[in-house]
Protein chains: 2
Amino acid sequence: MSVYSIGVDLGGTNLRVSAYSADRGLFGLIQLPTRIRDGRDAVIDDMCEAISRLIARYSSEYTLAGIGIGTPGPLELPVGRIHAPPNLPGWDGFELREAIEGRLNRFVVLECDANAAALAECVAGQGKSFGIDSLCMLTLGTGVGNGIILKGEVWHGINGMAGEAGHATVWPDGLACGCGSRGCLEMYASATAAQRAAEQAVANKTSSGLSALWQKNPEFTTKDVFEVARSGDPVARAIFDKVGEALGIELAALINTLNLPLYVVGGGLASAWELFSESMFREIRHRSYVYRFTEPDTLFPLEAEPGKTYVVQAELGTNSGILGACLLPLASKEQPAEVIASAGNA
Amino acid sequence: MSVYSIGVDLGGTNLRVSAYSADRGLFGLIQLPTRIRDGRDAVIDDMCEAISRLIARYSSEYTLAGIGIGTPGPLELPVGRIHAPPNLPGWDGFELREAIEGRLNRFVVLECDANAAALAECVAGQGKSFGIDSLCMLTLGTGVGNGIILKGEVWHGINGMAGEAGHATVWPDGLACGCGSRGCLEMYASATAAQRAAEQAVANKTSSGLSALWQKNPEFTTKDVFEVARSGDPVARAIFDKVGEALGIELAALINTLNLPLYVVGGGLASAWELFSESMFREIRHRSYVYRFTEPDTLFPLEAEPGKTYVVQAELGTNSGILGACLLPLASKEQPAEVIASAGNA
C-alpha cells in the first residue's frame, strides 16, 4: 500500500486539513474557520475531527505516514510547545504535538508555518524547478516569516527558533517592533507595514491616489495599494520601494552569511514583486559582494547554473503552508518503523 | 601508524607551517615572514619547502592525512581559487590548491582562514569545552572574519563564500566599506575600526587620554587604546562600546536566523571583551527574543545546558588559524582511501 500523510495548516483565521500523497498531491481538503473565540479545546476538537475523517476515508487505500501540523511561531522544539502566538491568544505554552498525538495515537510532526512553507517551496516549488535542495524563504504576510532548508531538511537550530530573520535588525533606530526590538525587517517588509504606510499617507494627505482610494473604500487592502502604485502614484510606489529596500538589506546579509543557492520571497505581499524587486535587487547588489560574484545571467534559466545565487518569487501560492505540513511526516527521520517498512513496499 | 596532518596559515605578514596529530597537538612549527614583495612564486616556494621539511622529518613515524591551508578570503570552492585578497596583491584568481597539490602530489584542503579558525574553536576550543559541535565565530582583526560550523563541518555555501557576516549591514547609511557597501559590521567591530576611531579622537582632540597616548607614542595600537579605556577615559571607552553595539546588532540577527547553541568572538580585538561585552549583550538582549528565550543563567557552566545560547570569547588564541588548517584534512570526507585505511588502523 502506498503512503500518504495528513497536513494541518493552523492559521488565525482558517483551519485547513488535507491528505497528500506523492502521486496525487493534495486531496480531500477540509477548510474550517479557526474557532479562536470558542477557546483552544474547540479548535483542537475541530482539528482532530477533520483528521479522523480523512483517516477514515483513506485508510483502506493508503498507509498513513503521519500528521504534519504547521502553526504560527515561535515554536519550541523538540517538545512541540507553542509560544505566545499573537493570532492564537490562550495558546502560550501549549504542547500541541503531545495533545494531538495523545488524542489520535498517530505520529505527529509540528513545525512553524514559515518553515513548512519553505519546505514545500523546496520540495515542490522553486527548489524543485531549480533542482536545488537548500533555500532560504521569506514570507511577507502579517509579519515576515522565515524558513531555512539545508540539504532538504528544515534547519531548526537548537530549539526550533531558527528562521526568525523577520526580526533581524534592518534600521537599528527604526520603528519599534512587537518583539521588543527596533527596526526589524517585518516592520518594513510585511503586508502590515505596507498597509500602515498607506494609511499614514492617507492621514497626512500626501498621496492623491491613496486618498481617492480611501474615499472610495476606507477598508482598502494592500492589494488596492498595489493597484494605486501600478497606476503610477509616486507615494504608493515609494511604499513598495521601501519594502524592497528592507528586503534587499536583509537578503544581502543572508547571502553573505549563508551563501545559499536560492532565496525565495513568498506570502501575500510577494505578488507585488514587480513593484519592490527593483529596489530589492539594487540593495542586494550594493550590499553583497557574494551576490555580485554569483549573480546569474537570468533568473529564469532552463537549468540552474551551479555556483549562482537565485533570488525569486515563490512558486506555490496559498497552498504552500498546507502542502509543507503534509510533507513534514514524509520528510521526517523519526517515522515509526511500520511506516518506513510500508514506504519501502510502495 | 597513526595519522598526522600538516597545516599552513598563510597570513599577510607571517607564513606558519606546522604538523599536528590528535595525540601530540601541534608540533614542528615553522614560522617565516610572508615574502609578498618577492612575488607569489617566492611565497609558494617557501610554503612547499617548509611542508616538505615536515614530511621528511615525520614520515617515518606517521601517515600523512593531508595538508590543510588557511588563506585570507574570499575563496572560491571547490576549485580552490583565491579572490582579490587585500593582503596578498597579485594572488587574485590564483588556484592555490591545484598549485600545491601539483607540486607536492599530496591531498590538499584549502579553506578561508576565518573558517579554519572557527573549525579549530569548535573541535579544540569553546566547542570542545561546551560539548557543542555547531557554532558561529566572528574574528575581530584587520577585518571581521566569520566562520559557521554546522554539526562539526564548515558550512561553505554554494562556492565557499558563506560566513561573510563581517559584511552584513549594521547601519545602512553608515561608513563606506571596501566591499562596495555601507555600514558593514567590520567598519565598526574590527581592530582597524577601533584604531581609526582612536586616531579620529586624537585628531579632533576629544580625548585627553588618547591625546596623551599619541604624544607618548604616535604609532600606538588598539592594545594601547584598550589600556586608556581601562583607565577610565570616556572617549576611549565609547570606542569599545561602539564595537559591542555593532557586534550585538549582528549577533542578534545571527541568533534569530540560525538559532545555534554557540557564538564565539575571537581575533586580536576580542581581548577587549571586558570593555565591549556589556554593550554587546545589551543589544543582543534588546534585539533577539530568541536569545532572551534561550539565555543561560551563566556563561561559564560546568556543562552546557541544552537549548541555551552561549556567546563567549574564543578560547584559542593566535594558534587557532594554524590549528584549524591542520584539522582540515583530518575532518575532510574527501581523504584518499589509503589515509582512511591507515586511520582505521591507528
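Per chain, numbering begins at 1; letters A, B, ... match sequence-line order. None of the values given here were measured: they were computed from a predicted structure.
When all heavy atoms are compared, the tightest approach of A/H286 to B/R182 is NE2-N, 4.1 Å. The two residues A/E250 and B/T257 make their nearest non-hydrogen contact at OE2-OG1, 4.5 Å.
Separation of atoms OH (A/Y289) and SG (B/C184) is listed at 9.5 Å; rounding is to 0.5 Å. With values rounded to the nearest 0.5 angstrom, A/T169 atom OG1 is found 8.0 Å from B/N256 atom CG. Summarising the geometry, atom CG belonging to B/L150 is positioned 6.5 Å from atom CG belonging to A/L150; distances are rounded to the nearest 0.5 Å. Between the SG atom of B/C177 and the CZ atom of A/R287 there is a distance of 10.5 Å, given to the nearest 0.5 Å. Atom CD1 of A/I158 sits about 9.0 Å away from atom OH of B/Y310, to the nearest 0.5 Å. With rounding to the nearest 0.5 Å, the separation of CD1 in A/I284 from OG in B/S181 is 12.0 Å.
With a 4.5 Å cut-off on non-hydrogen atoms, A/L185 does not touch chain B at all. Neither the backbone nor the side chain of B/I132 comes within less than 4.5 Å of any heavy atom in chain A. Contact annotation for A/H156: only backbone heavy atoms (N, CA, C, O) come within less than 4.5 Å of a heavy atom of chain B. Using a 4.5 Å cut-off between heavy atoms, A/L260 contacts chain B through both its backbone and its side chain. Within the 4.5 angstrom heavy-atom criterion, atoms from both the backbone and the side chain of B/A165 approach chain A. For A/S288, no part lies near chain B; criterion is any non-hydrogen pair under 4.5 Å.
Contact count against chain A (heavy-atom pairs under 4.5 Å) is highest for B/M161 among B/E76, B/H83, B/M161. Ranked by heavy-atom pairs under 4.5 Å with chain A, the first of B/T309, B/I255, B/L258, B/V290 is B/L258. With chain A as partner, the option from B/G166, B/G183, B/P172, B/G180 having the largest number of non-hydrogen pairs under 4.5 angstrom is B/P172. With respect to chain A, the highest number of heavy-atom pairs below 4.5 Å among B/N159, B/N146, B/I148 belongs to B/N159. Counting heavy-atom pairs closer than 4.5 Å to chain B, the top residue among A/G307, A/C136, A/A162 is A/A162.
Shown here is B/K242, whose NZ atom has more than 12 heavy atoms of other residues, nucleotides or ligands within 6.0 Å.
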